[in-house]
There are 2 protein chains.
Amino acid sequence: MDIERRSGCPINLTMEVLGDRWSLIVIRDIMFGNRRHFRELLNRSEEGIASNILAARLKRLVSLGLITRLDDPTHSQKAIYSLTEPAIQLVPMIATIGAWGRRHLPVSEDLSIRAELLEKGGPVLWEDFMNDLRNMHIADPIGGANGSVTSPVLTDLTNAFLDVRAKMKRRE
Amino acid sequence: MDIERRSGCPINLTMEVLGDRWSLIVIRDIMFGNRRHFRELLNRSEEGIASNILAARLKRLVSLGLITRLDDPTHSQKAIYSLTEPAIQLVPMIATIGAWGRRHLPVSEDLSIRAELLEKGGPVLWEDFMNDLRNMHIADPIGGANGSVTSPVLTDLTNAFLDVRAKMKRRE
DNA sequence: CCACCTAATTGCAATTTGCAACTAGTTGCG
DNA sequence: CGCAACTAGTTGCAAATTGCAATTAGGTGG
């Protein structure tokens with residue numbers, strides 16, 4: 001698969017790659033939710049992606065070099081989706097997007113705590129996170145998928161999210 | 001107009017607002033090209049936007065509060081489109097998007113020089129640019145549109161772009 | 001007064017999206 | 001073995017969106 005290349009502008013080309021309603025959502029779930037299998041991405045999606053759309057986006061992202069597809073040794077039909085280096089380098093962009101959305105759009109408290117921490121952590125935290133992601137997606141994608149390789153940064157973000165969600169539940 | 005609100009995640013909401021092929025392109029042209037009228041946006045577009053798409057996007061961006069539409073006093077049919085504060089705060093996001101695109105996609109030399117300077121300038125330059133944009137779009141949108149209020153940062157970016165483009169022409 | 005400029009709108013074909021059902025095969029458990 | 005549940009998708013179809021070309025309705029300037 002190839003992009004259209006309406007112009008050589010970096011903004012335009014990035015929008016041609018990621019400028020649809022689902023591509024960045026899929027990358028976000030792989031990156032922050034560590035969803036590494038089709039079913040995880042499908043069933044645990046906040047936004048309720050349809051299976052055909054998910055399949056099409058995964059295929060497209062693989063062909064664009066943003067994710068890789070690897071056979072899961074524990075199940076001959078299972079595939080492990082992992083981020084590539086270009087996708088990992090989206091961390092600063094995703095952090096900036098999250099910071100803008102949190103400030104200007106009607107976000108919910110639980111789903112925006114990670115964006116808040118990511119913004120507060122700044123480039124130093126982003127670099128740590130990117131190094132964690134390299135370990136879980138490039139150095140050892142199988143270990144990253146089955147939980148034997150973890151990310152300290154992601155653990156902190158996830159715990160903060162679960163804390164806020166629990167707090168919200170108690171308030172109900 | 002309202003967004004769909006599939007979920008309260010900041011990434012998702014931002015993609016619901018800007019996650020299509022044209023919205024950010026239009027904002028980019030207003031912001032970096034200072035295209036403030038319909039015809040300028042239509043005819044001087046690198047990517048060749050169609051008039052119906054441009055009209056629909058302008059209407060949508062106005063209703064989402066990212067741009068304003070003001071009657072041009074020099075021509076009763078002309079409208080001046082200006083950025084609002086939320087759109088001006090997209091500068092860091094656009095800079096980060098441009099930096100990623102420049103690094104990972106087949107950009108052209110002329111159209112990526114601004115992204116390079118914006119990345120090199122960092123948050124300090126972004127703040128200067130945002131203050132310039134406030135002068136040209138919020139404090140005095142008419143002056144900003146007719147050229148009597150200008151932006152030093154934008155002048156530098158534009159000159160660098162024209163230099164590179166001239167250099168490329170000479171090499172042909 | 002007429003050509004050109006202004007911001008769109010309209011008609012229509014092609015593409016994309018979204019939903020629901022379905023496929024084809026694998027695995028775990030009794 | 002036998003069967004339910006799980007795996008990654010595919011298929012069919014209606015609805016919405018996009019993109020192109022032509023057109024509209026009025027305004028301006030010589």
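The figures here come from the full heavy-atom set of this structure, side chains too, leaving out hydrogens, waters and symmetry mates. Just so it is clear: chains get the letters A, B, ... in the order the sequence lines come, proteins before strands, and each one is counted from 1.
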- [ ] State, without any angle test, whether B:Asn131 and B:Glu127 hold a side-chain donor-acceptor pair at a distance under 3.5 Å.
- [x] no
Task: B:Leu111 side chain reached by A:Ser7 side chain, heavy atoms, under 4.5 Å - done: yes
TODO: Please state how far atom CG in A:Leu54 lies from atom P in C:dT16, giving the value in whole angstrom units.
DONE: 18 Å
Open item on the list: Distance check needed: C:dT15 C1' versus A:Glu4 CD, whole Å only.
Closed with: 12 Å
Task: 5'-most by nearest nucleotide on DNA chain D - B:Ile53 or A:Lys78 - done: A:Lys78
Task: A:Glu109 and its salt bridge (charged side-chain N to carboxylate O under 4.0 Å, His left out) partner, picked from A:Arg102, A:Arg165, A:Arg171 - done: A:Arg171
Task: A:Arg57 side-chain proximity, nearest of C:dC19, C:dT6, C:dT17 - done: C:dT17
Task: Contact residues, residues 65-73 of chain B to DNA chain C [heavy atom, < 4.0 Å] - done: B:Arg69
Task: Closest listed nucleotide, where the reference is the side chain of A:Ser51 and the choices are C:dA8, C:dG18, C:dA21 - done: C:dA21
Task: Residue pair B:Ile88 / B:Ile138, side-chain heavy-atom distance below 4.5 Å - done: yes
Task: A:Ile97 and A:Leu24, any side-chain heavy atoms less than 4.5 Å apart - done: yes
Task: Interatomic distance, A:Ile49 CD1 vs C:dT17 P [rounded to whole Å] - done: 10 Å
TODO: Could you list by number each residue of residues 20-42 of chain A showing a heavy-atom separation from DNA chain D of less than 4.0 Å, or answer none if no residue does?
DONE: A:His37, A:Phe38, A:Arg39
Open item on the list: Any side-chain to backbone donor/acceptor pair from B:Glu119 onto B:Gly98? Under 3.5 Å, distance only.
Closed with: no
Open item on the list: Between A:Ser45 (side chain only) and A:Leu42 (backbone N and O only), is there a donor and an acceptor less than 3.5 Å apart?
Closed with: no
Task: Distance in angstrom units between A:Glu16 CD and C:dT16 P, rounded - done: 13 Å
TODO: Determine to 10° how strongly the helix from C:dC1-D:dG30 to C:dG30-D:dC1 is bent, judged from the axes of its five-pair ends.
DONE: 10°
Open item on the list: Between the side chains of B:Glu46 and B:Arg28, is the shortest nitrogen-to-carboxylate-oxygen separation below 4.0 Å, so that they form an ion pair?
Closed with: no
Task: Pairs where residues 149-158 of chain A contributes a residue and the test side-chain hydrogen bond (donor to acceptor under 3.5 Å, both in side chains) is met, not counting sequence neighbours - done: A:Asp132-A:Ser151
Protein and nucleotides 24-28 of chain C: nitrogen or oxygen contacts under 3.5 angstrom:
{"unit_1": "C:dG25", "atom_1": "N2", "unit_2": "A:Gln77", "atom_2": "OE1", "d": "3.0"}
{"unit_1": "C:dG25", "atom_1": "N3", "unit_2": "A:Gln77", "atom_2": "OE1", "d": "3.3"}
{"unit_1": "C:dT26", "atom_1": "O4'", "unit_2": "A:Gln77", "atom_2": "OE1", "d": "3.2"}
{"unit_1": "C:dT26", "atom_1": "O3'", "unit_2": "A:Ser76", "atom_2": "OG", "d": "3.1"}
{"unit_1": "C:dT27", "atom_1": "OP1", "unit_2": "A:Ser76", "atom_2": "N", "d": "3.0"}

Task: Set of residues satisfying ring-ring contact (aromatic ring centres under 6.0 Å, His included) with respect to A:His104, sequence neighbours excluded - done: A:Trp100
- [ ] Check whether any side-chain N or O of A:Arg44 sits under 3.5 Å from a backbone N or O of A:Arg39 as a donor-acceptor pair, and report yes or no.
- [x] no
TODO: Would you kindly give the CG-to-C1' distance between B:Asn52 and D:dT23, to the nearest whole Å?
DONE: 13 Å
Open item on the list: I need the NZ-P distance between B:Lys59 and C:dA8, as an integer number of Å.
Closed with: 7 Å
- [ ] Without swapping roles, check the side chain of A:His37 against the backbone of A:Tyr81 for a donor-acceptor pair under 3.5 Å.
- [x] no
- [ ] May I ask you to say whether A:Arg21 pairs ionically with A:Glu47, meaning some side-chain N is under 4.0 Å from a carboxylate O?
- [x] no
Task: Close side-chain approach of B:Leu41 and B:Arg57, heavy atoms under 4.5 Å - done: no
